[in-house]
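Sequence lines set the chain letters: A, B, ... in the order given, protein chains first and strands last, and positions in each chain run from 1.
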Amino acid sequence: AQSVSQHNHHVILSEAASLELGCNYSYGGTVNLFWYVQYPGQHLQLLLKYFSGDPLVKGIKGFEAEFIKSKFSFNLRKPSVQWSDTAEYFCAVNARSGYSTLTFGKGTMLLVSP
Amino acid sequence: EAGVVQSPRYKIIEKKQPVAFWCNPISGHNTLYWYRQNLGQGPELLIRYENEEAVDDSQLPKDRFSAERLKGVDSTLKIQPAELGDSAVYLCASAPGQMNTEAFFGQGTRLTVV
């Protein structure tokens, strides 16, 4: 079974600072990788996803993530955060072979101060 | 296109009482998930359906939790009897059922057991 580890539980940044949230997964086979975001009072929404191809994927709102297979990592980045990026961010993985359960990390709460 | 619809949004019950949650997935989505999310944690899988078949229920506490997905569309999750530790947000998500696709989440039901 796969598992996901997110390094930071809470991150506090000032507006315009750069962001990088760590995500590592554990699984012996090929995976699909996702970042979801949950804004206050809203449901989980997909930020970006990686299935195959270019390991650098771009998502909505200026976010990007890089899949590094050798490190089993899928870190989320944004060059300049905004106050509206305050939210909880979840990394998730499922196995690419066949139908597989989507497994989440514990999440990182990002607070951006204006 | 309508998203995943869950009801109720909030539920407060006394311990030992039964409770049920309902989920209507996105039309045409064969995969349906029920997750439980505790405060400050990531979603944890309770059960996954492919059409009407429960293909992953290894994390469902079967002594008190039950679920059904009649006709492979709507789903109901039941707890009987509820315990204080069941207080959490219960999330429903659906996916097209094909490989390499993301899950779409509903707003969740926030359960408080007193």
Asks: Is the Tyr89(A)-Phe63(A) ring centre distance short of 6.0 angstrom?
Replies: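 Yes.
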Asks: Can you check whether Tyr90(B) reaches Lys11(B) side chain to side chain, under 4.5 Å on heavy atoms?
Replies: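 With C-beta onward as the side chain, the pair stays apart.
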Asks: Measuring from Leu76(A):CG to Tyr36(A):OH, what's the distance to the nearest 0.5 Å?
Replies: 14.0 Å
Asks: Sort His10(A) into side chain, backbone, both or neither according to what part of it lies under 4.5 angstrom from a heavy atom of chain B.
Replies: neither
Asks: Can you find a pair of side-chain heavy atoms, one from Tyr10(B) and one from Thr112(B), that are under 4.5 Å apart?
Replies: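 The answer is no; the side chains never approach within 4.5 Å.
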Asks: Counting heavy-atom pairs under 4.5 Å with chain B, which one of Val4(A), Leu102(A), Thr103(A) comes out on top?
Replies: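 So the answer, after comparing Val4(A), Leu102(A), Thr103(A), is Leu102(A).
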Asks: What part of Gln45(A) gets closer than 4.5 Å to chain B, counting heavy atoms only: side chain, backbone, both or neither?
Replies: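 Interface part for Gln45(A): neither.
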Asks: Please classify the contact of Leu44(A) with chain B as side chain, backbone, both or neither, using a heavy-atom distance under 4.5 Å.
Replies: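 Both parts, backbone and side chain.
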